[in-house]
Amino acid sequence: MEEELLRLEHIQKHFGDNHVLKDISFSAKRGEFITFLGPSGCGKTTMLRIISGLLAPDSGAVFLNGQDVTKLPPDKRNVNTVFQNYALFPHMNVEKNVAYGLKIRGVPKQERKRRVREMLSLVKLDGFEKKMPDTLSGGQKQRVAIARAAINNPSVLLLDEPLGALDLQLRKYLQSELKRIQQQLGITFIYITHDQEEAMNMSDRIYIMSDGKFEQTGTPREVYDTPKTSFVAKFVGMSNLLETEVVSQTGTDAAVSFEGVLFHVQTPYSIRSHKKVTLSVRSEKLWMRYEPCEPAIEATILENTYTNGIIKVKLETPGGNILTAVAQSGSAFFEVGNKVYAGFDPDGAVVVDIQEETL
Ligand code: ATP
């Protein structure tokens, strides 16, 4: 999976005064599953359209298999797209929909039939050849759309929120199906979504986008465990962002003050004393005890909610900060109004938004 397949270099795109893509560069290897994850309007679809050739960038270049394809039309790039709304041809049965790309290329009928059968088997729609699109469920339509997009062996398959219109249970099932299909085909998938769970479940690498730029890239584990910015910490998983001041540092251990309580954090940065830094503490890393302990801050329980065996507890500190912690059900009962002692271990926090002048 080492070979570079797709590369974007310094892509800029404006719509009027709206600067939608701000110097985007990235590359994908053959067979990689890459997800662009970001909130609505951050530029994900625009980037996908530039890769497919439906839209031209203002400046920058797109390379596919080492060739500069920036000026090539969509049908001259070996790229296909799967859309959220399926975009099946309503008057054609499943077989004709899936075979469409092969027919355009002049593939003989018998071979078309064989390849459609293989592709339908891959997406687990054996025997669906003669069905019409309007007799299919949303999940089945999306499988047909994937089969149709993949049958020409594109170098890259672009997927624009393909599971967005489906209910939660089906979405979860199709996430693992998509991953299986991608691995069996060995095609590079570029997937866009604003659903962090979807991105975490399927991707080899995630590019987190905000306002036309990449905030961070890494494996799902890297972006979850070591967010570099408060945006990433908030967007992927549940995080508390604590404004602290560095008191001292010895090696990678920094002592920081939060509302006058001294905590320790492990950090690769050498931070000058008295500088302000933001810590991201995942909700599951913020522990709560009933007995006084150190280092911990006394806090009042404002709210508790119970979902899927997890209790989510909202706390207020004496300084008015609102923190969120999670606890497994069956542990101590977290009643509203109770006092608890909340804290975190040195490896339970990450320094984010580091600025040059603090180093
Ligand atoms: P979503 O998740 O909601 O689809 P997105 O991250 O895919 O969002 P884009 O569709 O790329 O975002 O849109 C980025 C910005 O560009 C938005 O402000 C959008 O309004 C604007 N935009 C997109 N296409 C056009 C267009 N054809 N003309 C003018 N503005 C556009």
Side-chain angles (χ1 to χ4, degrees), residues 6-28 33-62 64 69-75 77 79-88 138 141-142 145-146 149 156-168 170-172 174-175 178 188-203 205-218 220 223 227-237:
L6 174 68
R7 182 153 45 97
L8 263 60
E9 279 184 3
H10 303 294
I11 297 288
Q12 301 270 3
K13 183 71 190 173
H14 291 79
F15 289 112
D17 292 341
N18 191 358
H19 195 177
V20 175
L21 295 180
K22 300 169 179 164
D23 198 23
I24 290 280
S25 296
F26 101 98
S27 69
F33 195 127
I34 292 207
T35 299
F36 295 135
L37 173 67
S40 182
C42 72
K44 304 181 297 292
T45 301
T46 303
M47 187 149 60
L48 222 58
R49 296 180 72 212
I50 287 174
I51 298 172
S52 70
L54 289 169
L55 196 66
D58 300 340
S59 60
V62 181
L64 191 59
V69 298
T70 318
K71 299 214 155 45
L72 288 186
D75 60 325
R77 303 180 185 197
V79 170
N80 265 343
T81 307
V82 176
F83 299 96
Q84 184 178 334
N85 63 1
Y86 324 124
L88 298 179
K141 282 182 198 163
Q142 200 49 291
I146 292 163
V156 180
L157 199 61
L158 306 173
L159 300 106
D160 190 349
E161 308 225 19
L163 309 183
L166 306 172
D167 67 55
L168 183 63
L170 188 56
R171 241 172 29 224
K172 286 201 162 155
L174 283 180
Q175 283 169 21
L178 265 176
T188 305
F189 273 29
I190 307 285
Y191 191 96
I192 68 175
T193 183
H194 54 254
D195 180 333
Q196 53 118 353
E197 200 184 310
E198 223 167 82
M200 300 297 275
N201 285 344
M202 291 188 290
S203 320
R205 272 190 306 141
I206 299 177
Y207 280 82
I208 296 172
M209 273 187 92
S210 145
D211 192 23
K213 296 188 303 291
F214 291 135
E215 286 270 326
Q216 188 171 346
T217 178
V223 296
K228 288 204 164 55
T229 64
S230 46
F231 177 88
V232 174
K234 279 279 185 202
F235 201 73
V236 181

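In each ligand, atom 1 is the first atom listed, and ligand 1 is the first ligand listed.
Side-chain contact between Asp195 and Glu161 is absent, with no heavy atoms from C-beta onward closer than 4.5 Å. Using a 4.5 Å heavy-atom cutoff, the side chains of Ile11 and Val62 are in contact. You'll find the side chain of Ile192 reaches within 4.5 Å of the side chain of Thr45, heavy atoms only. No side-chain heavy atom of Phe36 sits under 4.5 Å from any side-chain heavy atom of Ile24. Considering only heavy atoms from C-beta on, Leu163 stays 4.5 Å or farther from Thr193 through its side chain.
In the candidate list Arg49, His194, Met209, Lys44, Lys44 is nearest to atom 2 (O) of ligand 1, counting heavy atoms.
For atom 9 (P) of ligand 1, the closest non-hydrogen atom of the protein is Thr46 OG1, 3.6 Å. Among protein heavy atoms, atom 23 (C) of ligand 1 sits closest to Phe15 CE1, 3.5 Å.
Other residues, nucleotides and ligands place more than 12 heavy atoms under 6.0 Å from the NZ atom of Lys141.
Per-residue contacts place Gly41 under 4.0 angstrom from the following atoms of ligand 1 (heavy atoms of the residue considered): 1 (P), 3 (O), 5 (P), 6 (O), 8 (O), 12 (O), 14 (C), 15 (C). Distances below 4.0 Å separate heavy atoms of Thr45 from the following atoms of ligand 1: 4 (O), 5 (P), 7 (O), 10 (O), 11 (O). Each of the atoms 1 (P), 2 (O), 3 (O), 8 (O) of ligand 1 lies under 4.0 Å from some heavy atom of Ser40. Atom numbering of ligand 1 starts at 1 in the shown order; those under 4.0 Å from a heavy atom of Glu161 are 2 (O). Distances below 4.0 Å separate heavy atoms of Val20 from the following atoms of ligand 1: 14 (C), 15 (C), 16 (O).
Residue Gly38 places every heavy atom at 4.0 Å or more from ligand 1. Proximity of Met47 to ligand 1 is not established, as no heavy-atom distance is less than 4.0 Å. At least one heavy atom of Pro39 sits closer than 4.0 Å to an atom of ligand 1.
For Lys22 and Asp211, the salt-bridge test passes: some basic side-chain N is under 4.0 Å from an acidic carboxylate O.
Separation of atoms NZ (Lys44) and OH (Tyr191) is listed at 12.0 Å; rounding is to 0.5 Å.
Counting only heavy atoms, the protein never gets under 4.0 Å from atom 19 (C) of ligand 1. Within the 4.0 angstrom cut-off, atom 5 (P) of ligand 1 has one or more protein heavy-atom neighbours.
The part of Asn18 lying near ligand 1 is the side chain, judged by heavy-atom distances below 4.0 Å.
For the side chain to side chain contact (heavy atoms under 4.5 Å, CB included) with Asn80, the lone residue among Leu157, Leu159, Leu158 that qualifies is Leu157. Tested against Asn201, the residues Gln175, Lys172, Arg171, Gln196 include a single side chain to side chain donor-acceptor pair (under 3.5 Å) partner, Gln175.
The shortest N or O to N or O distance between Ile192 and ligand 1 is not below 3.5 Å.
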